[in-house]
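Data block below; observations after.
Values below: every heavy atom of this structure, side chains too, minus hydrogens, waters and symmetry copies.
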Amino acid sequence: MDVNSILDYLAQYGVIFIFVIVFLEYLNLPGLPAGIIMPLAGLWISRGNMNFPFVLFLSVIAGVIGSWCLYFLGFYGGNFLLKKYTNKFPKQKDYIDEKLKYLKDKGHMGVFISRLIPVARTIIAIPAGVLKMDFLKYTIYSACGIFIWNGVFISAGYILGEGIFKYIG
């Protein structure tokens with residue numbers, strides 16, 4: 001899919017398209033990476049097609065809802081899933097234990113920091129659920145990290161405006 005196709009989807013479906021893409025990304029599902037979509041959403045905003053704060057808010061809500069799904073997956077079935085996974089891939093057990101220890105040591109700040117790291121930002125929800133972290137605090141720290149991550153990418157597209165379109169289009 002090229003840039004023009006994505007911009008066509010934005011024009012046709014607007015914020016629904018952004019919401020769905022960001023939601024799926026925070027579910028850690030394959031598809032169009034939000035890291036590509038969000039700068040294009042910023043470009044779309046710069047052309048006067050949408051309000052910046054609204055798109056940022058919507059992307060944060062989509063990210064939080066997607067991460068809630070993984071949090072509850074970890075909360076209710078995480079230990080079972082981790083046991084099945086480490087039985088199938090025993091070399092991964094130490095790595096997983098290390099990440100769980102990191103989250104235990106850092107607490108909710110570990111969730112926030114992880115939201116700012118590629119790959120970790122979308123999967124941190126499962127260990128947080130496994131550890132049964134306080135849901136409200138988890139949500140607040142996640143939302144803050146998601147706000148910064150999404151805000152940087154949307155802002156990049158917005159600030160660069162037409163320049164980014166010429167470069168990648």
Side-chain angles (χ1 to χ4, degrees), residues 1-47 49-78 80-82 84-85 89 92 96 99 103 108 110-131 133 135-158 160 164-165 168-169:
M1 184 172 278
D2 66 0
V3 172
N4 290 323
S5 298
I6 295 169
L7 289 172
D8 289 342
Y9 278 110
L10 281 169
Q12 187 173 2
Y13 300 107
V15 294
I16 293 169
F17 179 70
I18 294 168
F19 182 90
V20 169
I21 295 299
V22 175
F23 173 75
L24 292 175
E25 170 136 324
Y26 279 90
L27 277 176
N28 211 27
L29 295 176
L32 293 171
I36 293 172
I37 298 301
M38 287 186 284
L40 291 175
L43 170 63
W44 188 56
I45 294 165
S46 75
R47 292 181 169 178
N49 295 316
M50 188 53 63
N51 178 283
F52 184 93
F54 177 73
V55 172
L56 178 58
F57 175 76
L58 183 75
S59 77
V60 171
I61 295 299
V64 168
I65 292 171
S67 71
W68 282 348
C69 295
L70 292 183
Y71 173 89
F72 286 118
L73 178 68
F75 190 92
Y76 291 110
F80 172 77
L81 293 172
L82 287 178
K84 295 283 272 181
Y85 182 80
F89 304 103
Q92 294 291 316
I96 290 170
K99 296 309 169 198
L103 204 51
H108 294 93
V111 171
F112 173 77
I113 293 167
S114 295
R115 291 290 181 198
L116 304 174
I117 301 171
V119 180
R121 69 187 186 82
T122 57
I123 61 172
I124 194 63
I126 295 172
V130 167
L131 295 175
M133 296 181 95
F135 182 69
L136 179 60
K137 287 182 181 178
Y138 163 79
T139 299
I140 292 168
Y141 281 81
S142 285
C144 290
I146 291 168
F147 176 83
I148 292 170
W149 180 271
N150 292 3
V152 165
F153 279 87
I154 294 170
S155 295
Y158 182 81
L160 297 175
I164 194 171
F165 181 72
I168 60 178

Check: M50 and I18 side chains under 4.5 Å, non-hydrogen atoms: no

Pairing residues for F135 by the ring-ring contact (aromatic ring centres under 6.0 Å, His included) criterion, not counting sequence neighbours: W68, Y71, F72

Test ring-ring contact (aromatic ring centres under 6.0 Å, His included) applied to Y26 - qualifying residues, sequence neighbours left out: none

If I compare all heavy atoms of [X] with all of [Y], which pair ends up nearest, and what's the gap?
X    : Y    : result
L116 : G145 : CD2-O, 3.6 Å
V55  : A41  : CG1-CB, 4.3 Å
H108 : M133 : N-CE, 3.5 Å
R115 : A125 : NH2-CB, 4.1 Å
L27  : C69  : CD2-CB, 3.4 Å

Look up atom [atom1] in [X] and atom [atom2] in [Y], then write down how far apart they are to the nearest 0.5 Å.
X    : Y    : atom1 : atom2 : answer
I146 : Y141 : CD1   : OH    : 15.0 Å
L103 : I124 : CG    : CD1   : 4.5 Å
I117 : I123 : CD1   : CD1   : 10.5 Å

Heavy atoms from other residues, nucleotides or ligands near [atom1] of [X] exceed 12 (cutoff 6.0 Å):
X    : atom1 : answer
I148 : CD1   : yes
F147 : CZ    : no
Y158 : OH    : no

Donor-acceptor contact present, side-chain S46 to main-chain L43, <3.5 Å: yes

Under 3.5 Å, which donor-acceptor pairs do the side chains of residues 58-66 form with other protein atoms, sequence neighbours left out?
residue: S59; atom: OG; partner: L56; partner atom: O; Å: 2.8
residue: S59; atom: OG; partner: N150; partner atom: ND2; Å: 3.2

M38 vs W149, side chain to side chain contact (heavy atoms under 4.5 Å, CB included): CA-CA, chis, key distance, verdict: CA-CA 10 Å; M38 287 186 284; W149 180 271; 4.1 Å; yes

